[in-house]
Amino acid sequence: QDIFGNAVRDRLNSFNLGKFGGARVDAFTLSGNQVTIQLWFKNVNSNDSLYLADLHSATDRIVLGFNSSQLSVFHEITGGWQNFGTITDGDWNFATFTFDGTSLKCFVGTSQLGVTKTITAINLGTTTEFGIGMNHFSGTRTQDYNGHISDFLIYDTVLTSDEVENNYNAGLSAHTN
């Protein structure tokens, strides 16, 4: 559970990846079509094609990462990258991605980055492949993240702005530059 008592679908506390590291995580099931993914990350260079996380189900795929130097999400069903905006390389950043069934939002710290994106409903259900800090496609690891990832959380609900702020504040002291 998080500090609000919300059930966390998966929490990789103090999960830290260094340069050129990645991890494959066991499959899990998300209920419904809502999800929040949160993590702390520190990039070396966002000009690289960086993958923070890569989640697959039998019918869908969501990639959190960077496209054209912008923090972005790739959604298989919608087709293509949804770019949100730039972040500062070399600093710890707290990112929250929320999917409520038809829209996708990205927050850095406690502020929304970019505009809300309209997407086709996500269909992750039971994940079949899940990589953190790497591109993990069809059982093949093709690209590792260049930086650090910490405190990766997945919820099967959309967190409120108060919940996002509380999780941000809870991790802030551990993620100073």
Side-chain angles (χ1 to χ4, degrees), residues 2 4 6-12 25 27-41 43 46-89 91 93-138 142-143 145 147 149 151-168:
D2 68 6
F4 281 109
N6 292 321
V8 177
R9 195 76 200 115
D10 204 356
R11 180 183 188 118
L12 302 168
V25 181
F28 59 91
T29 301
L30 291 171
S31 59
N33 64 354
Q34 296 187 352
V35 65
T36 299
I37 300 172
Q38 293 184 311
L39 69 150
W40 285 91
F41 68 94
N43 281 354
S46 59
N47 290 323
D48 295 337
S49 294
L50 300 173
Y51 294 87
L52 297 167
D54 194 351
L55 296 85
H56 297 256
S57 71
T59 59
D60 205 354
R61 178 181 183 207
I62 292 181
V63 176
L64 310 177
F66 288 84
N67 180 53
S68 302
S69 299
Q70 295 189 55
L71 190 55
S72 306
V73 173
F74 175 84
H75 181 230
E76 181 94 10
I77 292 175
T78 302
W81 287 94
Q82 305 291 321
N83 296 337
F84 288 99
T86 59
I87 55 95
T88 304
D89 288 335
D91 288 345
N93 293 279
F94 180 69
T96 301
F97 300 91
T98 63
F99 306 84
D100 70 1
T102 58
S103 63
L104 167 62
K105 294 180 182 177
C106 175
F107 299 84
V108 173
T110 59
S111 301
Q112 186 170 343
L113 182 64
V115 298
T116 301
K117 310 292 185 178
T118 301
I119 62 168
T120 306
I122 62 170
N123 185 17
L124 285 178
T126 299
T127 60
T128 56
E129 296 180 52
F130 179 24
I132 297 177
M134 65 182 184
N135 179 2
H136 196 271
F137 189 69
S138 297
T142 59
Q143 187 169 16
Y145 178 70
I149 296 175
D151 297 324
F152 193 98
L153 297 107
I154 299 175
Y155 297 86
D156 55 5
T157 187
V158 173
L159 296 184
T160 67
S161 59
D162 285 344
E163 292 168 328
V164 169
E165 183 175 358
N166 254 349
N167 285 350
Y168 169 73

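The structure presented is a predicted model; accordingly, all values stated were derived computationally and were not measured.
Under the side-chain contact (heavy atoms from CB on, under 4.5 Å) test applied with Ile37, the options Val73, Leu52, Leu55 reduce to a single match, Leu55.
One distance of note links CD of Gln38 with CZ of Phe152; it measures 10.5 Å at 0.5 Å rounding. Interatomic distance, CG of Asn93 versus CZ of Phe41, reported as 4.0 Å (0.5 Å rounding). Atom CG of Leu159 sits about 8.5 Å away from atom OG1 of Thr98, to the nearest 0.5 Å. For the atom pair CG (Asn43) and CD1 (Ile87), the distance works out to 4.5 Å, reported to the nearest 0.5 Å. Taking CZ of Phe94 as the start and CD of Glu165 as the end, the distance is 11.0 Å to the nearest 0.5 Å. Phe97 contributes atom CZ, which lies 6.5 Å from atom CG of Leu39 (distance to the nearest 0.5 angstrom).
Residues Phe74 and Glu76 come closest through the heavy atom pair CE2-OE1, 3.6 Å. Taking each heavy atom of Trp40 and Tyr168 in turn, the nearest pair found is CZ2-O, 3.6 Å.
Under the side chain to side chain donor-acceptor pair (under 3.5 Å) criterion, Thr36 pairs with no residue, sequence neighbours left out.
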Determine all donor-acceptor pairs shorter than 3.5 Å in which one atom belongs to a side chain in residues 62-71; sequence neighbours excluded.
unit_1 : atom_1 : unit_2 : atom_2 : d
Asn67  : ND2    : Asn83  : OD1    : 3.2
Ser69  : OG     : Asn47  : OD1    : 2.4
Gln70  : OE1    : Gly85  : N      : 3.2

Side-chain donor-acceptor pairs under 3.5 Å in residues 103-114, sequence neighbours left out?
unit_1 : atom_1 : unit_2 : atom_2 : d
Ser103 : OG     : Asp100 : OD1    : 2.9
Ser103 : OG     : Asp100 : OD2    : 2.9
Gln112 : NE2    : Thr116 : OG1    : 3.1

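Using a 4.5 Å cut-off on side-chain heavy atoms (C-beta onward), Gln34 and Tyr155 make no contact.
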